[in-house]
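Chain letters run A, B, ... following the sequence lines, proteins first, then strands; residues in each count from 1.
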Protein chains: 2
Amino acid sequence: MRLSGGVEWALHCCVVLSRGVEEPVPVARLAELYDVSPTYLAKHLQSLAADGLIESVRGKRGGYRLTRSAESITVLDVVRAIEGDGAAFVCTEIRQRGPCAAAAEDCQRACSIARVMIAAEEAWRSALRDVSIRDVADDVDRVAGKGALTRMRSWLAAAPSIGA
Amino acid sequence: MRLSGGVEWALHCCVVLSRGVEEPVPVARLAELYDVSPTYLAKHLQSLAADGLIESVRGKRGGYRLTRSAESITVLDVVRAIEGDGAAFVCTEIRQRGPCAAAAEDCQRACSIARVMIAAEEAWRSALRDVSIRDVADDVDRVAGKGALTRMRSWLAAAPSIGA
DNA sequence: GTCCAATTACTCGGATATCCCCTGTCCGAGTCCACGAGG
DNA sequence: CCTCGTGGACTCGGACAGGGGATATCCGAGTAATTGGAC
């Protein structure tokens with residue numbers, strides 16, 4: 001059980017995009033900020049756009065920007081956009097197989113093992129749902145210093161590749 | 001993010017093994033009970049044995065049996081034995097990369113995003129740790145009928161392939 | 001000076017290879033049980 | 001009748017292929033800004 005590495009990228013992107021929603025930021029710029037593969041990051045941002053978390057602006061001076069306020073986007077929203085809605089544990093109903101199989105009419109409720117796993121996943125989802133991108137951004141300000149995020153956001157807005 | 005299918009098999013095996021600890025049960029018999037691949041199930045049971053949850057008895061009339069009481073084995077123990085101890089979310093510290101990288105001395109605490117993910121995983125683990133194999137077995141008795149598990153355990157103990 | 005239109009440069013978007021881990025399988029090492037011979 | 005040794009069959013254990021999804025990449029579709037000329 002391992003999450004895609006794109007989850008980390010997407011979360012960092014959403015956090016930095018939550019500072020100043022004015023103008024869109026191209027993928028190449030975000031990739032340069034974090035020193036990651038631009039094309040692969042693009043793939044993940046497309047997933048976020050497909051779920052309506054960010055919107056794309058095409059053409060010159062285009063890019064991505066958040067569609068709604070950072071308060072209304074939860075960490076779970078981002079994780080689900082990247083990883084999909086599928087549950088981690090999938091019950092194959094092996095209790096209904098083999099020589100001691102349970103009768104189908106006795107299996108209307110989910111099996112005991114599946115219920116435990118589902119409850120645990122719900123606890124996981126709940127923890128992620130309780131934290132918004134805004135909360136994370138505030139925490140970054142608290143840990144890394146008040147101006148760190150704003151400085152990164154300003155760098156994104158600056159003309160690309162001048163100093164390089 | 002998806003768990004290995006072996007988790008389901010291993011949990012069912014531990015539950016049925018918790019009924020009557022007298023004599024070991026061979027892998028082939030367990031595989032026949034659930035109608036799954038014997039060799040692949042063996043691989044997973046080896047993982048359980050490596051973590052000390054079950055012990056192997058070699059030779060004729062050998063097999064696997066639980067090493068301790070079902071109360072002292074948690075669902076989390078089984079999941080960790082199959083999936084390993086690694087965290088689902090791995091922080092690659094991209095905050096320390098790129099042109100706006102944070103200084104290393106400012107990163108002694110885990111980054112805000114990683115903390116959220118770690119806390120969620122801890123909630124997931126906690127939910128799995130709160131349920132023992134004994135609890136699951138009792139719930140199976142409650143749902144599938146009091147004698148279902150005992151009947152399966154008796155079938156395991158019976159001489160193999162008589163009726164077939 | 002103003003308007004318009006073609007050009008251009010920059011952006012996203014989906015289709016395309018590559019790699020690694022999970023799935024699934026196999027044969028060899030090890031061990032207990034059974035049986036038979038000898039005392 | 002009891003003991004011991006040998007054989008056999010059954011078990012686990014780790015080493016060996018195949019497949020699917022994540023990783024990483026590329027080129028084409030689309031759009032806004034620019035720029036040049038005409039009025």
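Distance CG (A:Leu3) to P (D:dT23): 10 Å, rounded to an integer number of Å. A:Glu55 has its CD atom 15 Å from the P atom of D:dT31, to the nearest Å. To the nearest angstrom, P of D:dT23 lies 12 Å from CD of A:Glu8. A:Lys60 places its NZ atom 12 Å from the P atom of C:dT8, with the value rounded to the nearest Å. Following rounding to the nearest Å, A:Lys43 (NZ) and D:dT23 (P) show an atom-to-atom distance of 10 Å. Note: CG (A:Leu45) to P (C:dG14) measures 13 Å, nearest angstrom. In this entry the distance linking NE2 of A:His44 with C1' of D:dT23 reads 8 Å, nearest Å. Atom CZ in A:Arg61 sits about 8 Å away from atom P in D:dT34, given to the nearest Å.
When the side-chain nitrogen and oxygen atoms of B:Gln46 are compared with OP1 and OP2 of D:dC12, none of them lie within a distance under 4.0 Å.
In the set D:dA33, C:dC12, D:dG13, the nucleotide with an atom closest to the side chain of B:Ser56 is D:dG13. Across D:dT25, D:dC10, C:dG24, the shortest atom-to-atom separation from the side chain of A:Tyr40 is found for D:dT25. The side chain of A:Ser37 lies closest to D:dT25 when the candidates are D:dA33, D:dT25, D:dA22. With distances taken from any side-chain atom of A:Pro26 to the nucleotides C:dT25, C:dT23, C:dT11, the minimum falls on C:dT11.
A salt bridge is defined here as a Lys NZ or Arg NE, NH1 or NH2 lying under 4.0 Å from an Asp or Glu carboxylate O, and A:Asp138 with A:Arg134 meets this definition. Taking 4.0 Å as the cut-off between side-chain N and carboxylate O, B:Asp77 and B:Arg129 do not count as a salt-bridged pair.
Contacts of A:Thr39 with the nucleic acid, taken as non-hydrogen atoms under 4.0 Å apart, include base atoms. Residue-level contact check: A:Gly6 touches neither bases nor backbone, having no heavy atom under 4.0 Å from any strand.
Along DNA chain D, the nucleotide nearest to B:Val25 and the one nearest to A:Gly5 differ in position, and the one closer to the 5' end is contacted by B:Val25. When each of A:Arg2 and A:Ala42 is assigned the nucleotide of DNA chain C with its nearest heavy atom, A:Ala42 is the one assigned upstream, toward the 5' end.
With B:Phe89 as reference, B:Ile113 is the one residue of B:Val116, B:Ile118, B:Ile113 to meet the side chain to side chain contact (heavy atoms under 4.5 Å, CB included) rule.
Judged by distance alone, with hydrogens and angles left aside, the side-chain atoms of B:Arg29 form a donor-acceptor pair with the main-chain N or O of B:Trp155 at under 3.5 Å.
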Please assess A:Glu55 against A:Arg65 for the test salt bridge (Lys or Arg N to Asp or Glu O under 4.0 Å), listing each intermediate value before the final yes or no. CA-CA 6 Å; A:Glu55 64 182 353; A:Arg65 77 183 137 202; 3.0 Å; yes

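Between the side chain of A:Arg58 and the base of D:dA29 there is at least one donor-acceptor pair of N/O atoms closer than 3.5 Å.
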